[in-house]
Number of protein chains: 2
Amino acid sequence: MANTSVDYAVNERAQYFLKVLIEHYIRDGQPVGSRTLARDSGMNLSPATIRNVMSDLEEAGLITSPHTSAGRVPTVSGYRFFVDFLVSLRPLKKSEVQQMQQQIAVGADGKALAARASAALSDLTHMAGLVMIPRREQILFRQIEFVPLSGSRILVILVTSDGEVQNRVIESAKRFSESQLTQAQNFLTANYGGQDLESMRAGLLKEMQSTRKQMDEVMTQAMELAGLVLNDSDDSDGDFVLSGQTNLMGFHDLSDMTMLKHLFDSFAEKRQILHLLDHCMDADGVQIFIGEESDYEPFDNCTLVTAPYETDGGVAGVLGVVGPTRMDYNKVIPIVDVTAKLLSMALKSKY
Amino acid sequence: MANTSVDYAVNERAQYFLKVLIEHYIRDGQPVGSRTLARDSGMNLSPATIRNVMSDLEEAGLITSPHTSAGRVPTVSGYRFFVDFLVSLRPLKKSEVQQMQQQIAVGADGKALAARASAALSDLTHMAGLVMIPRREQILFRQIEFVPLSGSRILVILVTSDGEVQNRVIESAKRFSESQLTQAQNFLTANYGGQDLESMRAGLLKEMQSTRKQMDEVMTQAMELAGLVLNDSDDSDGDFVLSGQTNLMGFHDLSDMTMLKHLFDSFAEKRQILHLLDHCMDADGVQIFIGEESDYEPFDNCTLVTAPYETDGGVAGVLGVVGPTRMDYNKVIPIVDVTAKLLSMALKSKY
DNA sequence: CGTTAGCACACTATAGAGATGAGTGCTAAA
DNA sequence: TTTAGCACTCATCTCTATAGTGTGCTAACG
């Protein structure tokens, strides 16, 4: 089993001890000593032997000791090695999955679904749940309707693939007849139906610039109206739903108030976190950022476990949980994985 | 100056010392001793004399000492006496008020205004800002429009006095002609325009029960539709906007993680806090709940300073700040007061 | 009578000493 | 390769002494 670049001098037995050590540390939160590890491993070896192994693991940078005479704790590299090669995922029970499926599936539109998924994540993991609102690039355009209101106001209704019905009242300089509006909405639905909102927006823009003069004036106006709605959509830079933030206050590992304040502030600020989540859109499964791996200072003592979820148009967003680095990966990873799958199903079954 | 029921044995001089002591304690956070108080008071008295006074104040239940040989700290009753009779409010500068006015006035509808006011509160006080969304009982009904959509769906648009435009798509069993809908909306606007949403709802309900048989069937249906919209309004039990929650993590007085978690959880749960805020609707000025006075356990170490704000229809909601009991009342009270006035102005100037 | 000085007392906070215990690294032997 | 033994390091706990802060009480003073 030639694993990675750090496995020099770390043979299979040492890896096993690393696994046992980390699992013990995840349970206890206390540095693990050689005597404890010897007992825990089940193999009939003396503490002295274990000490040699631990020495190797330390040299490889996988574990470290807080001070001379404490046990050892995993380093970031140690956790990385663990989640990459050593985890024994503990899959959810059928009944748990079903219960979750029901809990999630009740919601109506994209936003409500995301909120439910987020709540489910934080409930199950007792950490903070995080679900991106489906990105505009992945929401498909289904249908548009223009409705004349009193005066020169026009109501634009946008139906999208995630079940969301956005409506916006727009002030128009020009007046349209009922039939003109019908004509316009048929045109737009026929031409852009099935496209995602982002390419629709781009398409409209391009079309309007290139063919402005040759087109029916009403059509041009209609496209401008549609463009207006797509442009000022408030979630243009993305958004996410957070649940169970306060769960993080229970962890002794995260009890430093200043750190925790930074973390909470970063949740409120959203921008950086969205940037981080964007990175996970490409990966096609669970992805994990341990401690400083996220390269985002407020997350230094945390681990972020993410998974992308899909809709008809492909990957629509990312969800995940945030918790202390010392979390139960065996349990958390399957939860995130399953939640992503269930949310995908819920979104797809809309049509 | 016969003040209250607790002023037995607490003469004017003692009150002055109480004021000085509390102001000192608010600055320092340390128990105030007799020597310090003697120096701080400006009066040329020896610590021994002060000790006698402090002894009186302690007997009156206004101050207490954490242990035999620390100074004294205010009790809840002490704070209460202070805010009721001793505060020297420090009014905001003209320029500050103007800056704030601009900051708040940009918002469009009720919800956005509330959010801005909340942000202003937390920015200025460095504590948590809290603004109730205007209550339905105080939002006036301006106008309703029914718009036929494809199929049997009808879009109902509700324009209210706080500038909010709510719209909801409703599935109707019956089909209506365009003229029927126009007739219906004229009827509703004429009959209920200017009423608040809550009495409109009640009115509709009563009307429908008493005159069901004698009325035009279309009208009855229209009223049912309107009733539907008013009923499932999601903020039927109220809502509020919270800002600067994390500011509370900076206070040493609130550093107990378990307490703080409870506090944050209570913010997320909302229900109880709304209940508390409801109580403040009646008072016509700033109201203060110190520590256990709020009778809501998560607020035991906090003070809530509130003020009601108005719209055309009278008192519309309540705003305020939450912070540690040891807060700078001289500064905070005027801020809350002014913010409420500014928000009222912003809401009223809508029409 | 209000005010003051003086004194004994109570309590906290801090630091140092010593004991304890956990765990290591190293060495030599099996 | 594994193991036992031993010296060593370091954190933690307890006990003690000490300094500092502030009080309550009493007696004296104007």
Side-chain angles (χ1 to χ4, degrees), chain A residues 8-18 20-25 27-75 78 252-253 255-256, chain B residues 8-18 20-22 24-25 27-75 78 252-253 255:
Chain A
Y8 61 91
V10 177
N11 56 32
E12 212 160 320
R13 194 180 65 163
Q15 292 182 21
Y16 171 71
F17 282 119
L18 177 64
V20 176
L21 185 147
I22 292 185
E23 283 174 350
H24 189 102
Y25 179 68
R27 274 199 305 280
D28 258 36
Q30 296 299 323
V32 184
S34 55
R35 177 191 302 274
T36 319
L37 190 50
R39 199 179 342 97
D40 248 50
S41 69
M43 302 174 72
N44 229 357
L45 291 177
S46 77
T49 312
I50 305 292
R51 280 205 284 279
N52 291 327
V53 179
M54 288 169 99
S55 181
D56 293 348
L57 288 170
E58 181 155 37
E59 197 154 351
L62 298 172
I63 58 179
T64 184
S65 86
H67 57 83
T68 346
S69 114
R72 308 297 221 290
V73 299
T75 61
H252 200 271
D253 302 51
S255 62
D256 183 303
Chain B
Y8 62 92
V10 176
N11 57 30
E12 212 160 320
R13 193 180 67 162
Q15 292 181 21
Y16 171 71
F17 282 121
L18 177 64
V20 176
L21 185 147
I22 292 186
H24 189 103
Y25 179 68
R27 275 198 306 280
D28 258 37
Q30 296 298 322
V32 184
S34 54
R35 176 191 302 275
T36 320
L37 189 51
R39 199 179 342 98
D40 248 50
S41 68
M43 302 177 70
N44 230 357
L45 291 176
S46 77
T49 312
I50 306 290
R51 280 205 284 279
N52 291 328
V53 179
M54 287 169 99
S55 181
D56 292 349
L57 288 171
E58 182 155 37
E59 198 154 351
L62 299 171
I63 58 178
T64 183
S65 88
H67 56 83
T68 346
S69 114
R72 307 298 219 293
V73 299
T75 61
H252 200 272
D253 302 49
S255 63

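Letters A, B, ... are given to chains in the order of the sequence lines, protein chains preceding strands, and every chain is numbered from 1.
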Min and max contacting nt of DNA chain D in 5' to 3' order, chain B heavy atoms within under 4.0 angstrom, are dT21(D) to dG24(D)
To the nearest 0.5 Å, atom CG of Leu18(A) lies from atom CG of Asp56(A) at 12.0 Å
note: Leu57(A), atom CG; dT24(C), atom P; distance rounded to Å ~ 12 Å
Taking the side chain as C-beta and beyond, is there a heavy-atom pair between Val32(A) and Val73(A) under 4.5 Å? no
Output for pair (Leu57(B) CG, Ile63(B) CD1), nearest 0.5 Å, gives 4.5 Å
Residues at least two apart in sequence or cross-chain that pass side chain to side chain contact (heavy atoms under 4.5 Å, CB included) with Ser69(B), listed by chain then number, are His67(B)
Rounded to whole Å, CG of Asn11(B) lies from P of dC1(C) at a distance of 15 Å
Between Tyr25(A) and Pro74(A), the two heavy atoms sitting closest are CD2-CD, 3.4 Å
Residues of residues 41-53 of chain A with a heavy atom under 4.0 Å from any atom of DNA chain C, listed by number, are Arg51(A)
Glu58(A) CD to dG25(C) C1', in whole Å, measures 11 Å
From NE2 of His24(A) across to C1' of dA22(C) the rounded distance in Å is 13 Å
Quick note, side chain to side chain donor-acceptor pair (under 3.5 Å) partners involving residues 31-40 of chain B, not counting sequence neighbours, are His24(B)-Asp40(B), Arg27(B)-Asp40(B), Ser34(B)-Arg51(B)
One should read off an interatomic distance between Leu62(A) CG and Ile22(A) CD1, to the nearest 0.5 angstrom, of 7.5 Å
Taking Gly78(B)'s backbone N and O only, do any of them form a donor-acceptor pair with Thr75(B)'s side chain (distance below 3.5 Å, no angle check)?
yes
Residue set satisfying side chain to side chain contact (heavy atoms under 4.5 Å, CB included) with Arg13(B), at least two apart, ordered chain then number -> Asn11(B), Phe17(B), Met43(B), Leu45(B), Thr49(B), Val53(B)
Query raised in the report: Given side chains that start at C-beta, do those of Thr64(A) and Arg72(A) come closer than 4.5 Å, heavy atoms only?
Result: no
Atom pairs, protein N/O to nucleotides 10-14 of chain C N/O, distance under 3.5 Å:
{"residue": "dA10(C)", "atom": "O3'", "partner": "Thr68(B)", "partner atom": "OG1", "Å": "3.2"}
{"residue": "dC11(C)", "atom": "O5'", "partner": "Thr68(B)", "partner atom": "OG1", "Å": "3.3"}
{"residue": "dC11(C)", "atom": "O2", "partner": "Ser69(B)", "partner atom": "OG", "Å": "3.3"}

Distance col, row Met54(B):CE vs Asn52(B):CG, nearest 0.5 angstrom, shows 11.0 Å
To the nearest angstrom, the CE-P distance between Met54(A) and dA22(C) comes to 15 Å
| Under 4.0 angstrom between Arg72(A) side-chain N/O and dT24(C) OP1 or OP2 | yes
